[in-house]
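Model, not experiment: these values are computed from the prediction.
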Amino acid sequence: MQLKKNDEIQLNITALTSEGSAIGRKDGVPIFVRGGVPGDVVTAHIIKAKKNYAVARLQQVQEPSPHRVESDCPVSAQCGGCAFRTVDYAEELRFKQQRIDDAFQRIGHLDLQVEGVLAAPDTVRYRNKAQYPVQLQDGRPVAGFYAYKSHRVVPTGDCLLQCTDFSAGVAACLQWAEEHQISVYNEETDTGLLRHLYFRKGQATGQVLACIVINGTDLPGGDALCDALRAAVPGLVGVVLNSNTRRTNVILGDRDRVLWGKGELLDKLCGKTFAIGPHAFYQVNHDQCERLYALAGDFAGLTGDQVLLDLYCGVGTIGLTLADRCRRLIGVEVVPQAVENARENARRNDIENAEFLCADAAGAATQLASQGVRPDVAIVDPPRKGCAPEVFAAIDKMGTQRLVYVSCDPATLARDLALLATMGYTARRACGVDLFPRTPHVETVVLLSKKENEQT
């Protein structure tokens, strides 16, 4: 039977996609249903029907899966952030481990099984960063997160992934925007001023940094906004104004101006103190990040006399937490503000064996190789798209024997591991770390070494 739009069917949910959408099959045709749980029997309403697949809306759960739980968030069905609000945590972890294993086998053609996924002790209030798009709805400014695969903002109120300081800050900003009649950015017309509200928190220090992103250079009522935020957020240390006048989905522009206080916050991680500004990469889950870096350090196998290369280093967190276990640390990062943060962080922690280069990873690795630098160990922690092939070529040219790959995407990780295998690097160990509970994302740490180097 050919499925048609608006058909209602009974469907057995059997699996999940990498994005956390449920999959069932009707007459062999895969049907994707947001909100289903493997083991559910549901009534599904077809909203898109193609020859080889269909997309449906979950109408009713007829027989709930043993893994189904009631969502503790009132907007989780509309918001695109949490795919696992209705799945028990043990099943979520099983899915994430299977996702890594599947990518290794199917994409990387690797005979390597992940050693497990380190569970998070807390699945709520763990995020130390949130970026809220602002939209005008029914004549009033609202902030929240996008609905699944759309740019329609779902007002979230108090998101259970974020700390309560952020919710208080957002509420204060929206009230200020209404009182001062601040126009709201419309991405379709590229008009309006207020684009995003952005908050970071140092989980170990309690410090909070607010960043207001505008489509312009000046903010009317800026002093009143700072007063409102200081009253709403006790740990606030600074308010930064970021100008982004480009017609783009990229959140931050290049220009920052401190409206009040400081332009960065301090946090403590793995015994070191770090300064973090709005542009710097910093893992969003503090406690799980410490476990992730401990695992990366264990895989690195440093004994004190090696040269360590830290590519995509951000504010220097991975490398600086390992600096006392190597002879020389070279960090590479393309974001200038993050490089400045990394250098400050080295000075702040009295680390004298570290240097940081502002360059893209491929260019820096090629430059270091041409200078005869020979790192004993390289750590790469790239963005979701993975590494460019020339990065690995330069690492190999430098004679690096040991490579630790930290990845937030199993698919691009598996692709890159397959490439590294052609260059003589063997993937020897892999372990997942759940930094993003209730979402489909998972971190993976992999140890690789040259074939002639059997030590693990």
Ion pair present between Lys26 and Asp7, side-chain N to carboxylate O less than 4.0 angstrom?
no
If every non-hydrogen atom of Tyr126 is compared with every non-hydrogen atom of Pro437, which pair is closest and at what distance?
OH-O, 2.7 Å
How far does NZ of Lys96 sit from CZ of Phe84, to the nearest 0.5 angstrom?
6.0 Å
Tyr293 side chain to Gln283 side chain, donor-acceptor N/O pair below 3.5 angstrom
no
Please test Lys4 against Ile46 for side chain to side chain contact (heavy atoms under 4.5 Å, CB included), starting from the C-alpha separation and ending with a verdict.
CA-CA 7 Å; Lys4 303 184 301 297; Ile46 303 297; over 6 Å; no
His441 side, atom NE2; Thr439 side, atom OG1 - distance, nearest 0.5 Å
4.5 Å
Supply the atom-to-atom distance Arg195 CZ to Ile251 CD1, rounded to the nearest 0.5 angstrom.
9.5 Å
Checking Asp381 side chain against Tyr312 main chain: does a donor-acceptor pair fall under 3.5 Å?
no
Assess the side chains of Asp190 and Tyr185: does a donor N or O sit below 3.5 Å from an acceptor N or O?
yes
All side-chain hydrogen bond (donor to acceptor under 3.5 Å, both in side chains) counterparts of Asp360, not counting sequence neighbours:
none
Side chains of Gln288 and Arg291: donor-acceptor distance under 3.5 Å anywhere?
yes
Keeping to residues at least two apart or across chains, list the side chain to side chain donor-acceptor pair (under 3.5 Å) pairs with something in residues 47-66.
Glu8-Gln59, Thr43-Gln62
SB check Lys450 Asp396 (cutoff 4.0 Å):
yes
Measure the spacing between CG of Leu11 and CZ of Phe32 and express it to the nearest 0.5 Å.
11.0 Å
Minimum heavy-atom separation for Thr412 and Tyr405, please, with both atom names.
O-OH, 4.4 Å
If we ignore angles and hydrogens, is there a donor and acceptor under 3.5 Å between the side chains of Ser449 and Arg428?
yes
Give a yes or no answer on whether the side chain of Arg415 reaches the backbone of Ile107 with a donor-acceptor pair at less than 3.5 Å.
no
Please round to the nearest 0.5 Å and tell me the distance separating atom SG of Cys313 and atom CD1 of Ile379.
11.0 Å
Do His279 and Asp256 pair up side chain to side chain, a donor and an acceptor below 3.5 Å, judged on atom types alone?
yes
Check whether Arg125 reaches the backbone of Cys159 with its side chain - one donor and one acceptor, N or O, closer than 3.5 Å.
yes
Judged by atom type as modelled, is there a donor-acceptor pair below 3.5 Å linking the side chain of Asp416 to the main-chain atoms of Gly386?
no
Among side-chain atoms of Tyr89 and Thr123, is any donor-acceptor pair under 3.5 angstrom?
no
For residues Asn128 and Tyr282, is any side-chain donor paired with an opposing acceptor at under 3.5 Å?
no
Can you tell me how far NE2 of His67 sits from CZ of Arg94, rounded to the nearest 0.5 angstrom?
7.0 Å
Look at the side chain of Arg402 and the backbone N and O of Phe299, then say whether any donor-acceptor pair between them is shorter than 3.5 Å.
yes
Indicate yes or no: at least one non-hydrogen side-chain atom of Leu311 is less than 4.5 angstrom from one of Ile395.
yes
Between Glu333 (side chain only) and Gly314 (backbone N and O only), is there a donor and an acceptor less than 3.5 Å apart?
yes
